[in-house]
Structures are given as structure tokens and as C-alpha cells.
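Working notes, beginning with the structure itself.
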Amino acid sequence: MAERPQRVTIADIAKHVGVSTATVSYAINQPSRVSAGVVLQVNEAIALLGYRGNAAARQLRVGRSEAIALIVNDASNPAFTAFAAAAETEAALTGRFILLANSSDDPTRELAYLRFFESQQVGGIVLAPVGEVPEELSEIANRGTPVVSLGNLGGASSVPFVSGDDHAGGVVAMKHLIHLGRRTPLFVGGPLPQFRYRHQGAEQVAAAAGRVLESHALAAATVKEAFRAISAMPLEQLLSFDSVFAGNDLLAIGVLHALHDRGVRVPEQIAVIGYDDIEFAELAIVPLTTVRHDAAAMGRAAIRTAIGPKATTSQTYPPQLVVRRSTVS
């Protein structure tokens, strides 16, 4: 019978590199405590010798796993792609991993995920809430798990957040339309709180300019829902608007396709502006003007907040206007 190969230990890594076992442990678990050169040497030794850490033993020792839970309300929305990619990269810099879960806009499912990840003693939870920040998230924080909300959804929650400034984004979008001479705007939004803030910012600017911003709230913020809504609108009513501010890019793309199907010229008859600057915005049937926040910076910040000594710092990111052919021909 062949002998079982001996397991490589931290002591073997330390001997190979010529440092103490404590230094190797820091390089693996808390790389910020040692130099980048030592971390590189340790990682090279790990690859050469085939070291495999014992995650279960580490969790027993430190009380938490190396995983950070990221719970989003709609994983099919490309707006989360840049955020999640940056979060994963940031987590990897400290030897941590991202566990992605999709609540599918279901508060019951969201609550189940929160309770499950707390029971698994994850190192932190980043939540894009279905609605307002759930009370359970604050309770989890009080029990010792670092938590971060993706989005500043108002209310009395003490949970730290990383968010784009949605009210300011609405202001930026409406100022752009008014600057272009548009006089009869329509806002198309969805059920989540951030649509309310975007609408409020746009409405404030419209009112100051003597415009009335009509709004159309949809049950879901999807391409399909927006397409159906604009397709069902009587043509005379539709053409009474000279611009549409959609609360996200998925809604805006649905609007664009419905207008195209009905023979309405964009932007000559109706200008369209979206929100988020997802990857498909530039490739839409008419390249989409949109408002963006730095999703990559937000992803990095969310992870840094979640793994900090105590998750308390909130950060808000300003909007940026990205002008394309859907508003300017």
C-alpha cells in the first residue's frame, strides 16, 4: 500500500521562506501586517509546496469565515456586474471570498439569506435591499457580524451604507433634458426606493424650470415591463411627451425598443435618458444617454467597510452624466 503523502504545514512554508510561522500566518490571514515582498514569497512557497489551509480550523480560531456574503435584489440586472467584480477583487486582496446570493426582489428570501449567512459566521454581509433596510440587518450587526447596505434608502437605520447619490442623479438627468429645451418630460420608474429619490431630484429641477414632470410607476424595473407600458400607451398621449427619464437603463432600453417599434424617432421626437450606465447602454438600439455612479469604487468601498475593525463609515458617490445619441443627435 502506497504511503499517504504528508500534509504541508505552515511550519514547512516558514522554513522554506526563512521566516517565522507567525509571519507566514500573517501573510495568509492578515497580509497588511507584513511587507508585500514577504506576502509574495509566502504565496510562491504555497504554490510550490502545495500547501492547503484548513478553513474550518481557522474559523474555529478566529470565530468567522473568510467569506463575505453579497446579497443582491436582482442578479439579472447588469448594474451589479461592475460592483460585484470590484468587490470580489477587493476581497481577494485580503484572502477573502465573495458568496453571491440573489433575493429576486423577495423580502422573505432576503430574510432567509440574512439568517443563513449569519448562522454560517461569514466575515461580513453586503446587502442590496429589496426595499428599506430590514431591521434584521441592524440586529445582525448588533450581534457582531459587520454589515453594509448597498444604497442609502433613508429611514432610521444605523447600518452603514455605500451609495450613489440618487437624488443628485435625478437632478443631473433633468437639468440635461431642460438644457436641451425639452418641455414635457415623463419619468418611468420601478418599485424600489432609489427610484423615488431619482424622481424627487428630477421633479425638483422640473418644477424650478416651470415644467410638470409626469410619472409612470411600473411593478418591475425591467426591459419587458417598460416595453409593455410604452407599447400600451395611446400614441397621441405618448407624443405629448418630448422626453423620458427612465429610472434605470433596463427601463430605458425597453422604452427605446417600444418607441422604435411605434415609429417614434429618438431623440428628434422623444429624447430618452437612463440611469446606471450598464454595459448594454452604449450598445442599445440608439446609444443611451445615462447617469452613472462609480460602481467599481462602490464595490471596493463596500468590502473595505465590511472587513474594517467596525463597519460604521457610510460613503456616497456623486453622479456623472454620460451623453450619447438618445438625447443628442
Side-chain angles (χ1 to χ4, degrees), residues 74 76-79 81 105 166 169-192 194-196 198-207 209-292 319-329:
D74 181 9
S76 66
N77 188 338
T81 302
D105 285 329
D166 292 305
V171 168
V172 165
M174 189 52 57
K175 281 186 174 180
H176 176 62
L177 293 176
I178 288 174
H179 175 73
L180 295 174
R182 304 291 171 162
R183 304 193 62 83
T184 54
L186 170 68
F187 178 81
V188 178
L192 298 178
Q194 51 261 44
F195 293 111
R196 183 169 70 247
R198 293 167 189 176
H199 175 256
Q200 288 171 350
E203 190 173 45
Q204 176 184 313
V205 173
R211 270 72 158 178
V212 175
L213 176 61
E214 292 198 30
S215 65
H216 195 18
L218 305 181
T222 63
V223 173
K224 190 174 291 186
E225 283 297 307
F227 181 84
R228 287 174 179 166
I230 299 301
S231 297
M233 190 178 292
L235 187 59
E236 183 179 356
Q237 180 188 3
L238 178 60
L239 292 176
S240 70
F241 301 108
D242 62 11
S243 51
V244 174
F245 172 26
N248 72 11
D249 286 344
L250 296 181
L251 291 169
I253 289 170
V255 169
L256 286 173
H257 279 271
L259 293 176
H260 179 267
D261 273 11
R262 303 189 71 175
V264 178
R265 300 189 308 280
V266 177
E268 290 83 1
Q269 291 177 279
I270 298 180
V272 179
I273 183 169
Y275 207 105
D276 289 331
D277 196 24
I278 64 175
E279 182 180 2
F280 304 118
E282 190 174 6
L283 304 175
I285 190 168
V286 179
L288 182 63
T289 293
T290 186
V291 178
R292 72 181 296 269
Q320 300 171 298
L321 180 68
V322 181
V323 179
R324 299 191 180 101
R325 284 201 296 115
S326 67
T327 58
V328 179
S329 56

Review point. Would you say His216 and Phe241 make side-chain contact, with heavy atoms under 4.5 Å?
Key: no
Point to revise | Heavy-atom pair with the smallest gap, counting every atom of Pro287 and Arg324 | key: O-CB, 3.4 Å
Check your understanding: Do Gln194 and Arg198 pass the side chain to side chain contact (heavy atoms under 4.5 Å, CB included) test, and can you show the C-alpha distance, the side-chain angles, and the key distance before you say yes or no?
Key -> CA-CA 6 Å; Gln194 51 261 44; Arg198 293 167 189 176; 4.1 Å; yes
Point to revise | Exercise: identify the closest heavy-atom pair between Gly247 and Tyr275 | key: O-CB, 3.3 Å
Check your understanding: Mind checking whether Leu192 and Asp105 have side chains closer than 4.5 Å, heavy atoms only?
Key -> yes
Review point. Taking all non-hydrogen atoms of both residues, which atom of Ala252 and which atom of Gly274 are closest, and how far apart?
Key: CB-CA, 3.8 Å
Check your understanding: side chain to side chain contact (heavy atoms under 4.5 Å, CB included) between Thr222 and Leu250: does it pass, once the steps are laid out?
Key -> CA-CA 5 Å; Thr222 63; Leu250 296 181; 5.6 Å; no
Point to revise | Pro234 to Arg262 - nearest heavy-atom pair and separation | key: C-NH2, 3.9 Å
Check your understanding: Do any N or O atoms from the side chain of Asp276 and from the backbone of Ile278 form a donor-acceptor pair under 3.5 angstrom?
Key -> no
Exercise for review: Would you give the length of the straight line joining atom NE2 of His179 to atom CG of Leu177, rounded to the nearest 0.5 angstrom?
Suggested key: 11.0 Å
Check your understanding: Is there a donor-acceptor pair under 3.5 Å between the side chain of Ser326 and the backbone N or O of Thr289?
Key -> yes
Practice item. Only counting residues at least two apart or in another chain, list the ones meeting salt bridge (charged side-chain N to carboxylate O under 4.0 Å, His left out) with Asp249. Key: none
**Study point:** ring pair (Phe, Tyr, Trp, His ring centres under 6.0 Å) against Phe187, all qualifying residues, sequence neighbours excluded
**Key:** His199, Phe245
Point to revise | Nearest-0.5 Å distance, CD1 of residue Ile230 to CG of residue Leu256 | key: 10.0 Å
Check your understanding: Out of curiosity, Ser243 OG to Leu186 CG, how far, rounded to the nearest 0.5 Å?
Key -> 8.0 Å
**Study point:** Those residues that, when tested against Thr184, pass side-chain hydrogen bond (donor to acceptor under 3.5 Å, both in side chains) (two or more places apart)
**Key:** Asp242
Practice item. Would you sort out whether Asn77 and Asn248 count as a side chain to side chain contact (heavy atoms under 4.5 Å, CB included), showing the intermediate values? Key: CA-CA 10 Å; Asn77 188 338; Asn248 72 11; 4.0 Å; yes
**Study point:** Interatomic distance, Leu321 atom CG to Thr290 atom OG1 [nearest 0.5 angstrom]
**Key:** 8.5 Å
Review point. Heavy-atom distance under 4.5 Å between the side chains of Phe280 and Leu288, does that happen here?
Key: no
Practice item. Take atom CD of Glu279 as the centre, draw a 6.0 Å sphere, and report whether it contains more than 12 heavy atoms from other residues, nucleotides or ligands. Key: no
Practice item. For residues Pro191 and Ala219, report the shortest heavy-atom separation together with the two atoms involved. Key: CG-O, 3.4 Å
Review point. Going through the distances and angles, do Leu213 and Val205 end up as a side chain to side chain contact (heavy atoms under 4.5 Å, CB included)?
Key: CA-CA 9 Å; Leu213 176 61; Val205 173; over 6 Å; no
Study note, to complete from the structure: Those residues at least two apart in sequence (or on a different chain) that pass salt bridge (charged side-chain N to carboxylate O under 4.0 Å, His left out) with Arg211 are none
**Study point:** Closest non-hydrogen atom pair between Glu268 and Ser329, with its separation
**Key:** OE2-CB, 4.0 Å
Revision key, fill the gap. Glu225 meets the salt bridge (charged side-chain N to carboxylate O under 4.0 Å, His left out) criterion, sequence neighbours left out, with Arg228
Check your understanding: Can you find a pair of side-chain heavy atoms, one from Leu259 and one from Val272, that are under 4.5 Å apart?
Key -> yes
Exercise for review: Would you please name every residue forming a ring pair (Phe, Tyr, Trp, His ring centres under 6.0 Å) with His176, sequence neighbours left out?
Suggested key: none
Review point. Hey, is CD on Glu282 packed in by over 12 heavy atoms from elsewhere, all under 6.0 Å?
Key: no
